[in-house]
Amino acid sequence: MRVPLHWLQEFVDLDYSPQELAERLTMQGVAVEAVERMRPECRGVVVGEIAKIEPHPSSRGLSVVQVQVPEGTFQVICGATNIAVGDKVPLALPGSVLPGGKKIEVADFDGVQSQGMVCATTEILFGKPHLEGEGVLILDKSAPLGEDVISYLDLEDEVFVLDLTPNYASCLSVLGVAYEAAAITKRPVRNPLKLHPDVARGLSGVSVTIEDAELCPRYAAKLVRSVEVGMSPPWMQWRLHMAGMRPINNIVDVTNYVMLEVGQPLHAFDFDKLGNKIVVRRACQGETIVTLDGEKRELSPEMLLITDSHRPVAIAGVMGGLDTEVTLDTKTVLLEAALFKPASIRRTSGSLGIRSEAAIRFEKGVDPSIQPLAAERAAQWIERLGAGIAVPGVVDEHPNPLRPKTVSLRLDRALEIIGVQIPKPEAISLLQSLDFEIRDHGDTLAVTVPARRVDIDSEIDLVEELARTYGFENIPATSLRDSTVPGGKTPEQTAVDQVREFMMGCGLQEIITPSLIGPGDLKRSGLEAEIAHSIRLANPIVEDQSLLPRSLLPGMLKVMAYNIAHGSNRLKLFEIGKAYFAKSLPLQELPDERLKLSIGATGEQFPVHWDNPRRQVDFYWMKGIVEALMARLGIDAGFVQSHETQYHPYRQALVIAGPHTLGSIGELHPDIQSAWDLPSRVLVAELDLDLLLELRKMNRTCQPIPRYPCVERDIAFVVGESVPFGQIAKAILEAGRPLAVEAKLFDVFKGSWVPEGKRSLAVRITYRAEDRTLTDSEVDSVHQQVRKELIERFGATLRS
Amino acid sequence: MEEQILLLKQEAINAFSAATKMEELESLKAKYLGRKGQLNSLLKRLPTMPQEVRPTLGKLLNQVKSDLENVFEEQTARLRRAELQAKLESEKIDITMPGLPFDAGNRHVLTAITQEIIDIFSGMGFEIAEGPEVETDQNNFVALNIPKDHPARDMQQTFYITSEILLRTHTSPVQIRGMRARYPRLPVRLIAPGTVYRRDQADARHSPIFHQVEGLAIGEGVRFSDLKGTLLVFARRMFGPDTVIRMRPSYFPFTEPSAEVDVSCTVCKGKGCRTCGGSGWLEILGSGMVHPSVIRNGGYDPERVTGFAFGMGVERIAMLKYGIDDLRLFLLNDIRFLSQFH
Ligand SMILES: [Zn+2]
């Protein structure tokens with residue numbers, strides 16, 4: 001909503017500067033986004049008087065006009081026929097500039113010099129060529145010669161640009177804003193509708209039938225005869241323009257003007273094309289109408305129509321029909337001021353894609369008490385503009401008249417909710433300043449709500465009115481008085497934080513990737529089969545953001561690809577994010593949202609440095625991180641060979657703990673690596689963090705520090721390379737039981753002297769007893785058993 | 001002989017002092033003080049001396065031996081020091097060469113801000129609550145006073161999955177879930193961080209995916225003034241102790257009275273600058289008193305309890321705090337951006 005200040009001042013006195021008032025209105029809830037100073041941007045157009053009119057010597061239809069200004073007489077060539085000697089007109093002197101930047105110069109018209117131009121309204125207001133049939137603007141005889149026309153017409157104004165929240169439907173009119181301003185200035189409102197309180201009901205010759213009173217609770221109509229359709233005066237056109245509307249003609253302009261004034265949308269029909277029988281009904285299936293904008297619209301039964309008893313003439317509250325439009329030939333006008341159900345208008349304007357100013361107002365809610373008054377007001381304006389004669393009386397079809405709303409307010413409770421102490425009389429006067437009528441019943445106030453305030457229904461609404469007129473800035477800042485509560489994080493939330501800290505401690509950067517991805521991302525990540533399991537949006541913006549996946553891998557790879565393409569060459573990343581598991585598709589109930597931990601790395605393990613080894617991340621680097629995390633969480637995890645398509649077939653593993661699969665780790669399959677344009681090997685891991693949290697060991701008891709020293713023995717042997725080390729380690733600990741407590745692999749060697757198909761392993765075994773220092777012979781004997789087991793079970797050749 | 005002894009002493013002292021290497025000193029020690037050394041050979045000649053001078057000479061010899069041993073120790077210490085010095089000199093390094101770099105992991109800037117917000121409210125007794133991103137229309141809208149056809153649905157363009165299941169457009173459904181999960185416990189104080197979705201084209205100021213933190217306090221006698229006090233504490237912890245806040249009436253269907261909350265501009269301290277558009281204020285969150293019907297939808301009796309709620313955009317706070325000007329940076333994950341925050 002845009003509110004010109006002079007217009008606002010017609011309804012209420014303002015004792016504040018525009019900036020101050022804007023600030024106060026904003027702090028009262030009517031947000032003023034900007035205060036704009038507006039004036040038609042023309043310079044050098046002054047009031048002149050026509051001294052002489054002669055036909056152009058050679059060009060038919062043109063006149064040579066002498067225009068008098070204090071500096072002298074200017075000769076201009078003019079095509080208009082509505083001027084006479086003695087008329088005051090706007091004269092654009094040579095060198096003047098019209099809005100939009102057009103400069104007026106001395107010109108030659110077929111051998112006759114034109115020293116400027118006499119202007120039409122459209123030219124001085126908008127800098128556009130005058131309309132067909134639009135003559136020169138004739139000013140009042142009293143206009144002082146030589147005065148700047150814009151100043152003379154008093155068009156310059158400040159405009160409040162409001163950014164209204166949906167509850168301020170009442171501020172979609174200058175009058176509504178006047179009531180808000182009045183609460184600040186404490187001045188009375190001059191409500192123009194109260195000028196015609198006793199509208200004569202009934203209008204002969206027009207019948208209105210409402211077939212659906214739910215969608216159309218009220219319909220008022222008023223006739224204006226002897227209409228002369230033409231331009232509305234400059235001040236009205238300019239006000240409409242400042243308010244953001246386009247002037248059309250005097251009749252349509254008046255309907256828009258009254259809508260902006262009091263908030264009631266009006267429609268003007270050419271009565272001669274409409275006929276005298278109006279029926280308001282729902283559309284039939286397949287019915288169509290051509291609207292004012294020339295579009296043919298398909299209608300459906302949830303849409304409400306205005307009909308002339310057989311064909312539609314308007315889509316109720318949304319847009320009129322072309323057939324009954326007011327044109328230059330219109331002689332009689334029927335003004336419609338109706339009330340329509342907001343939800344219905346909202347649905348209709350939404351499905352037709354028409355966001356007219358009328359629809360916007362009906363959707364938010366119009367004052368249900370003013371329809372006949374608004375129709376009357378519009379007719380009066382047409383009369384005042386000399387554009388027609390109002391036919392006395394008004395049709396007011398109003399099947400279920402509304403009674404004024406009264407809401408009861410417990411003042412003590414209201415003040416307690418706000419947290420202020422205001423004396424009762426002051427609180428009452430705050431509400432009265434907003435035009436509420438109060439009856440004091442002691443414990444409660446009976447508050448009668450002005451009909452215009454369609455947003456007020458209940459006690460809490462009045463609490464808000466009280467708070468905002470008192471001023472939020474005057475409310476103190478206090479502390480919650482409740483008994484204290486523990487607050488903070490749950491153990492699971494704390495554990496998630498700890499996992500994050502641990503990942504950061506491993507030198508990984510946290511990322512947060514978009515949870516919406518595209519089927520292409522899954523396909524590119526080797527997870528094509530996941531597309532069918534992903535939850536799909538019904539109305540995605542783009543296909544690339546249409547799925548909620550079960551894996552964080554595509555998001556991880558996308559970030560890696562982006563960073564590699566932008567010059568990074570080593571990446572060590574992790575994400576803690578959600579994966580979405582539908583119980584069934586299409587979705588019947590909410591899916592499981594599980595937290596996952598995703599890790600991704602590529603490039604060198606260590607930052608480049610003169611003393612760092614230059615080694616790429618590999619499977620064992622990633623496995624080390626996962627093992628360390630498991631140890632940190634106290635989960636006894638193992639790794640088993642897996643067969644997932646996104647990984648290198650021989651460099652991947654499931655991470656398991658007892659019967660649970662915690663996730664997987666692996667080197668990315670080279671095809672997928674190249675699909676994402678990643679230059680070096682990529683290691684990824686994805687773990688079910690919710691499951692990790694479930695399985696984590698919570699209450700640890702302290703283990704005593706070993707009292708007796710341990711003994712370490714190294715053993716080196718050559719063994720078939722297909723024998724997994726995991727089995728060897730297990731066999732060592734079993735054979736060395738109970739003294740062997742740890743077997744660490746510290747060297748692996750292939751080639752050279754090691755026979756084809758074999759590898760040399762070196763293992764450091766730790767022997768320890770809880771209750772004594774081990775003797776050499778004890779260790780020798782158990783170590784011997786281990787050696788024997790390696791030879792017998794794996795055919796190992798011992799080297800030491 | 002006495003003369004001979006003193007001569008020897010002088011010669012040995014000179015020799016010890018002139019030694020430049022440990023080996024040299026050791027061999028000089030053998031030469032003068034060793035079993036077959038010169039001092040010993042003089043000692044061996046002692047019995048051949050007249051009886052009356054023997055005690056004096058013996059005493060002198062012992063004295064000289066002890067003196068020379070002291071000199072030897074001194075000289076040993078001198079050479080050791082010199083050798084250590086030489087070794088240390090040979091170990092001189094270029095201390096301007098770079099140290100071994102460590103990869104220090106960082107948290108994502110959104111995590112950092114979220115944790116900061118959570119920590120502030122945890123300290124005021126708020127629990128951390130969570131809710132699903134895939135929500136029912138009921139929890140996201142209807143239970144929050146936004147029935148179908150409500151104009152407020154225009155403010156929040158929604159991604160739907162089915163007609164009744166959607167991606168939550170705000171963290172406010174956690175108000176409903178949080179109350180229901182705790183009923184009839186009082187007071188309820190929770191803070192709920194999470195991802196939310198709006199059907200907006202991504203640009204510098206819009207993102208279809210962003211993050212919010214919701215707050216809720218329900219109890220007997222919770223007042224609007226408590227909301228103001230709580231948010232003032234938050235703003236001062238988040239933006240500095242001199243921060244002031246301003247509450248402007250606003251509208252949310254699920255709170256009444258509702259307020260937008262501004263903080264004094266972090267850049268110009270309220271004088272007016274480019275960041276705050278000259279107003280001196282920065283809008284940081286929406287808030288209000290929980291609407292009675294929302295309290296009822298949460299299971300509590302609005303006649304008995306009242307409450308406040310607020311919601312803030314994590315990205316918005318990060319942008320203000322760090323001067324970030326493009327919303328798209330948060331989910332782009334450019335490590336040159338991410339590594340600036342810890
Ligand atoms: Zn500023």
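Reminder, nothing fancy here: chain letters follow the sequence lines and each chain counts from 1.
- A salt bridge links B:Asp334 with B:Arg336: the distance from a Lys NZ or Arg NE/NH1/NH2 to an Asp or Glu carboxylate oxygen falls below 4.0 Å.
- Among A:Met504, A:Gln28, A:Arg570, the residue making the largest number of heavy-atom pairs under 4.5 Å with chain B is A:Met504.
- Only the side chain of B:Leu232 has a heavy atom closer than 4.5 Å to any heavy atom of chain A.
- Interface check for chain A: of the options B:Pro208, B:Gly99, B:Pro101, B:Ser122, the most heavy-atom pairs under 4.5 Å are formed by B:Pro101.
- Between chain A and the residues B:Leu332, B:Thr306, B:Thr136, the largest count of heavy-atom pairs under 4.5 Å involves B:Leu332.
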Side chain to side chain contact (heavy atoms under 4.5 Å, CB included) between B:Phe126 and B:Leu190: does it pass, once the steps are laid out? CA-CA 5 Å; B:Phe126 284 74; B:Leu190 48 90; 5.5 Å; no
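- Nearest heavy atoms, A:Lys578 versus B:Gly131: NZ-O, 3.5 Å.
- Proximity to chain B is absent for every atom of A:Val420, based on heavy atoms less than 4.5 angstrom apart.
- Looking at B:Ser250, the atoms closer than 4.5 Å to chain A (heavy atoms on both sides) sit in the backbone and in the side chain alike.
- Salt bridge B:Glu303/A:Arg410: present, at least one basic N to carboxylate O contact under 4.0 Å.
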Decide side-chain hydrogen bond (donor to acceptor under 3.5 Å, both in side chains) for B:Glu315 and B:Ser207; before the verdict, give the C-alpha distance in whole Å, the side-chain angles of both, and the deciding distance to 0.1 Å. CA-CA 10 Å; B:Glu315 282 86 349; B:Ser207 172; over 6 Å; no
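- Most heavy-atom pairs under 4.5 Å with chain B: of the set A:Asn563, A:Ile512, A:Asn167, A:Ile541, this distinction falls to A:Ile512.
- When each of A:Leu516, A:Asp611, A:Thr26, A:Ile535 is checked for heavy-atom pairs under 4.5 Å with chain B, A:Leu516 comes out on top.
- Between chain B and the options A:Leu508, A:Val30, A:Ile417, A:Val559, the largest number of non-hydrogen pairs under 4.5 Å is found for A:Ile417.
- Exactly one of B:Phe224, B:Phe121, B:Phe234 qualifies for a ring-ring contact (aromatic ring centres under 6.0 Å, His included) with B:Phe310. That residue is B:Phe121.
- Both the backbone and the side chain of B:Pro132 have a heavy atom closer than 4.5 Å to some heavy atom of chain A.
- For the pair A:Glu575 (side chain) and A:Thr513 (backbone), a donor-acceptor distance under 3.5 Å is present.
- Interface check for chain B: of the options A:Ser568, A:Pro586, A:Ser515, the most heavy-atom pairs under 4.5 Å are formed by A:Ser515.
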Please walk me through it: do B:Arg189 and B:Thr230 pass side chain to side chain contact (heavy atoms under 4.5 Å, CB included)? CA-CA 12 Å; B:Arg189 277 189 211 172; B:Thr230 304; over 6 Å; no
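- Interface residue A:Pro540: only backbone heavy atoms are found under 4.5 Å from chain B.
- Interface remark: of the candidates B:Asp103, B:Ile335, B:Leu331, B:Asp103 forms the most heavy-atom pairs closer than 4.5 Å to chain A.
- Residue B:Ser279 does not touch chain A at all, counting heavy-atom pairs closer than 4.5 Å.
- Among A:Gly29, A:Gly488, A:Gly471, A:Ala538, the residue making the largest number of heavy-atom pairs under 4.5 Å with chain B is A:Gly488.
- Residue B:Leu231 does not touch chain A at all, counting heavy-atom pairs closer than 4.5 Å.
- Of the two parts of A:Arg500, only the side chain, counted from C-beta on, holds a non-hydrogen atom closer than 4.5 Å to a non-hydrogen atom of chain B.
- The contact between B:Pro302 and chain A is made entirely by backbone atoms, counting heavy-atom distances below 4.5 Å.
- Neither the backbone nor the side chain of B:Glu164 comes within contact range of chain A; no heavy atom of the residue lies under 4.5 Å from a heavy atom of that chain.
- Looking at B:Met247, both its backbone and its side chain come within 4.5 Å of chain A, counting heavy atoms on both sides.
- Both the backbone and the side chain of A:Glu416 come within contact range of chain B, each with at least one heavy atom under 4.5 Å from a heavy atom of that chain.
- Contact tally against chain A (heavy-atom pairs below 4.5 Å) for B:Thr111, B:Asp200, B:Thr162: the top residue is B:Thr111.
- When the candidates B:Val134, B:Asp119, B:Ile118, B:Val222 are compared by the number of heavy-atom contacts under 4.5 Å with chain A, B:Val134 comes out ahead.
- Taking every heavy atom of both residues into account, A:Lys364 and A:Ile360 meet most closely at CG-O, 3.1 Å.
- In this structure, the portion of A:Leu548 lying under 4.5 Å from any heavy atom of chain B is its side chain and not its backbone.
- Of the possible polar contacts, none joining the B:Arg168 side chain to the B:Pro173 backbone as a donor-acceptor pair under 3.5 Å is found.
- In terms of non-hydrogen atom pairs under 4.5 Å with chain A, the most contact-rich of B:Glu256, B:Arg246, B:Glu127, B:Glu130 is B:Glu256.
- At a 4.5 Å heavy-atom cutoff, the contact between A:Leu573 and chain B is made by side-chain atoms alone.
- Closest approach of B:Ser287 to B:Leu227, counting heavy atoms only: OG-CD2, 3.7 Å.
- A:Glu492 does not touch chain B: none of its heavy atoms, backbone or side chain, sits under 4.5 Å away.
- Within the 4.5 angstrom heavy-atom criterion, no atom of A:Glu465 approaches chain B.
- Surrounding CD of A:Glu473 are more than 12 heavy atoms belonging to other residues, nucleotides or ligands, all under 6.0 Å away.
- Using a 4.5 Å heavy-atom threshold, the side chains of B:Glu135 and B:Arg177 count as touching.
- Here the closest non-hydrogen pair linking B:Phe308 and B:Arg223 is CD2-O, 4.1 Å.
- Taking the charged nitrogens against the carboxylate oxygens, A:Arg346 and A:Glu302 have no contact shorter than 4.0 Å, which rules out a salt bridge.
- For A:Glu593, the part sitting under 4.5 Å from any heavy atom of chain B is the side chain, from C-beta outward, and nothing else.
- Among the candidates A:Thr165, A:Leu164, A:Asp455, the single residue satisfying the side-chain contact (heavy atoms from CB on, under 4.5 Å) test with B:Tyr251 is A:Thr165.
- For chain A, the nearby part of B:Ile165 is the side chain; its heavy atoms alone come within less than 4.5 Å.
- For B:Glu220 and B:Arg304, the salt-bridge test passes: some basic side-chain N is under 4.0 Å from an acidic carboxylate O.
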